[in-house]
Number of protein chains: 2
Amino acid sequence: MIKFIIMAKRSKQEEAELRHVFGKAGARFTRQREAVWQLFKGKARGLTIPEAAKALKRKGVGPATVYRTAALLEGLGLLRRVHDAGGERRFVASRPGHYHALVCRSCGQVVDFEGCDLSLLERVLTTETGFRIEGHHLEVFGLCASCKAVNK
Amino acid sequence: MIKFIIMAKRSKQEEAELRHVFGKAGARFTRQREAVWQLFKGKARGLTIPEAAKALKRKGVGPATVYRTAALLEGLGLLRRVHDAGGERRFVASRPGHYHALVCRSCGQVVDFEGCDLSLLERVLTTETGFRIEGHHLEVFGLCASCKAVNK
DNA sequence: GCCATAATGATAAATTTTATCATTAACTGA
DNA sequence: TCAGTTAATGATAAAATTTATCATTATGGC
Ligand SMILES: [Zn+2]
Ligand SMILES: [Zn+2]
Ligand SMILES: [Zn+2]
Ligand SMILES: [Zn+2]
């Protein structure tokens, strides 16, 4: 019996980039891994692992692989964790670099933004606490334009 | 058979404050709820719910109550969520007001700090994206003074 | 194409979280 | 102080999430 699995469309260009990122890390470029990546890439609001697992079951990707792949993609910098208003752990597709998330508490849409200046704050914290600051995690939340319009 | 349950020490002063916070919200001040609160108050690095549940079992507090109480205390502003370097959800005792966490990635110690100026950033985000900004979540991580000394 | 082996799926197990309900105990007010 | 009311708890079960194991598959390098 033959299983037909429809893959999400992608450009040769993007495939080459992905292959490069995987290859550089010594990881294989499998059908399942690309399916996971394509799913997250198409969801602006990101997904929790259970959500992703449910969606990917239809594409023939098992739950264990979803867990393993999310961890891998996070390590490769292709996914980032965010936490929605309810504190739920979600993963969103990420470009490399220093990005943060602006999350709508109503529809869950995530808008990435680049640029934040916490250098002054970090300098103060260093002198006050003796910590060696290594990074930060910032999420801004509120209502997006359309939800703002609906929710009065 | 009589069960003796040793409660954590506390001042009459503090008990009165707690009773007030609970009462104002129409919640009862129970032995279990105080035990949960005392546990978190004594842990600078906070705890995950399973960690708290394990510690509180010895004090005669069941897991279900730990979950219920953590949610309640968070609602009352007595606990705040933080996420450690591994992305784990922890709860830490919190004073009311606008605080953030400085988390040591090695020992997990949490230092609260007050004061952050994101007003400029939020203003830019508002005009750029049309979001109505309602708040933010900021965590800074690194190595505390003593872990810095140990880890070279 | 063949090989070595990383990666997967299936399965089971462990862990975490939620639901249900009879029992307990905290507040109220007489 | 002492019932009466009812929120809160513990016990239990169930659901959901996450991890582990291992035989089988399929990728990447040759
Ligand atoms: Zn929205
Ligand atoms: Zn930043
Ligand atoms: Zn430390
Ligand atoms: Zn702030």
Side-chain angles (χ1 to χ4, degrees), chain A residues 1-5 7 15-16 18-37 39 47-76 78-79 81 83-84 86-91, chain B residues 1-5 7 15-16 18-37 39 47-76 78-79 81 83-84 86-91:
Chain A
M1 181 193 179
I2 299 171
K3 275 198 286 188
F4 289 94
I5 293 169
M7 299 290 295
E15 177 174 336
L18 277 179
R19 281 187 181 280
H20 180 66
V21 174
F22 278 78
K24 203 169 47 178
R28 292 180 181 177
F29 185 76
T30 67
R31 176 182 72 73
Q32 292 87 343
R33 286 176 177 177
E34 182 169 19
V36 173
W37 168 242
L39 173 67
L47 301 107
T48 64
I49 303 253
E51 285 169 353
K54 197 162 72 171
L56 288 162
K57 187 159 56 182
R58 281 172 272 163
K59 291 213 160 39
V61 181
T65 296
V66 178
Y67 280 95
R68 290 184 286 226
T69 304
L72 172 70
L73 295 180
E74 189 186 15
L76 296 178
L78 292 172
L79 290 183
R81 290 165 196 253
H83 304 93
D84 63 19
E88 248 183 342
R89 217 182 299 171
R90 314 182 74 80
F91 289 87
Chain B
M1 181 192 178
I2 298 170
K3 273 198 288 187
F4 290 95
I5 292 167
M7 297 290 295
E15 177 175 337
L18 278 178
R19 282 188 180 280
H20 179 67
V21 175
F22 279 79
K24 204 170 48 179
R28 293 181 180 176
F29 184 75
T30 68
R31 176 182 72 74
Q32 292 88 343
R33 285 175 177 178
E34 183 171 16
V36 173
W37 168 240
L39 173 67
L47 302 107
T48 64
I49 303 253
E51 285 169 353
K54 196 162 72 171
L56 288 162
K57 187 159 55 180
R58 283 171 271 164
K59 291 212 157 37
V61 182
T65 296
V66 178
Y67 279 95
R68 291 184 285 226
T69 304
L72 173 70
L73 295 180
E74 189 186 16
L76 296 178
L78 292 173
L79 290 184
R81 291 167 196 252
H83 304 92
D84 63 18
E88 247 182 342
R89 220 182 297 172
R90 314 181 75 81
F91 288 88

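All chains are named by letter (A, B, ...) in the order of the sequence lines, taking the proteins before the strands, and each is independently numbered beginning at 1.
- Atom NE2 of A/His20 is separated from atom P of D/dG28 by 15 Å (rounded to the nearest Å).
- Atom-to-atom, CZ of A/Arg33 to P of D/dT25 comes out at 19 Å; the value is rounded to the nearest Å.
- Here the CZ atom belonging to B/Phe91 is positioned 12.0 Å from the CD atom belonging to B/Glu51, to the nearest 0.5 angstrom.
- Among residues at least two apart or in separate chains, salt bridge (Lys or Arg N to Asp or Glu O under 4.0 Å) pairs with a member in residues 61-74 of chain B are B/Glu74-B/Arg81.
- One axis for each end of the helix from C/dG1-D/dC30 to C/dA30-D/dT1, each built from five base pairs, and the angle between them comes to 60° at 10° resolution.
- The separation between B/Glu34 atom CD and C/dA25 atom P is 16 Å, rounded to whole Å.
- How far CG of A/Leu56 is from OG1 of A/Thr69: 8.5 Å, rounded to the nearest 0.5 Å.
- Between B/Gln32 and the phosphate of D/dG10, there is a side-chain N or O to OP1/OP2 separation shorter than 4.0 Å.
- Across all strands shown, A/Arg68 has heavy atoms under 4.0 Å from base atoms, whether or not it also approaches the sugar-phosphate.
- Between B/Leu73 atom CG and D/dA8 atom C1' the separation is 14 Å, expressed in whole Å.
- Taking OG1 of A/Thr65 as the start and CG of A/Leu72 as the end, the distance is 11.5 Å to the nearest 0.5 Å.
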Each nucleotide N or O in nucleotides 13-19 of chain D that has a protein N or O under 3.5 Å away: list the pair and distance.
residue	atom	partner	partner atom	Å
D/dT18	OP2	A/Tyr67	OH	2.6
D/dT18	O5'	A/Tyr67	OH	3.2

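- Residues satisfying the side chain to side chain contact (heavy atoms under 4.5 Å, CB included) test with B/Tyr67, not counting sequence neighbours, are B/Ile49.
- If you take CD of B/Glu51 and P of C/dT17, they are 11 Å apart, rounded to a whole angstrom.
- The distance from atom NZ of B/Lys57 to atom C1' of D/dG10 is 14 Å, rounded to the nearest whole Å.
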Give me the distances for all protein-to-nucleotides 27-30 of chain C N/O pairs that come in under 3.5 Å?
residue	atom	partner	partner atom	Å
C/dC27	OP1	B/Phe29	N	2.7
C/dC27	OP2	B/Arg19	NH1	3.3

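- Every residue meeting the side chain to side chain contact (heavy atoms under 4.5 Å, CB included) condition with A/Thr30, not counting sequence neighbours, appears here in chain and number order: A/Arg28, A/Gln32, A/Arg33.
- Listed pair B/Arg31 / C/dA26 fails the phosphate criterion, with no side-chain N or O lying under 4.0 Å from OP1 or OP2.
- One atom, CG of A/Leu56, and another, C1' of C/dT8, lie 14 Å apart when rounded to the nearest Å.
- Here the closest heavy-atom approach between residue A/Val66 and residue A/Ala53 is recorded as CG2-CA, 3.9 Å.
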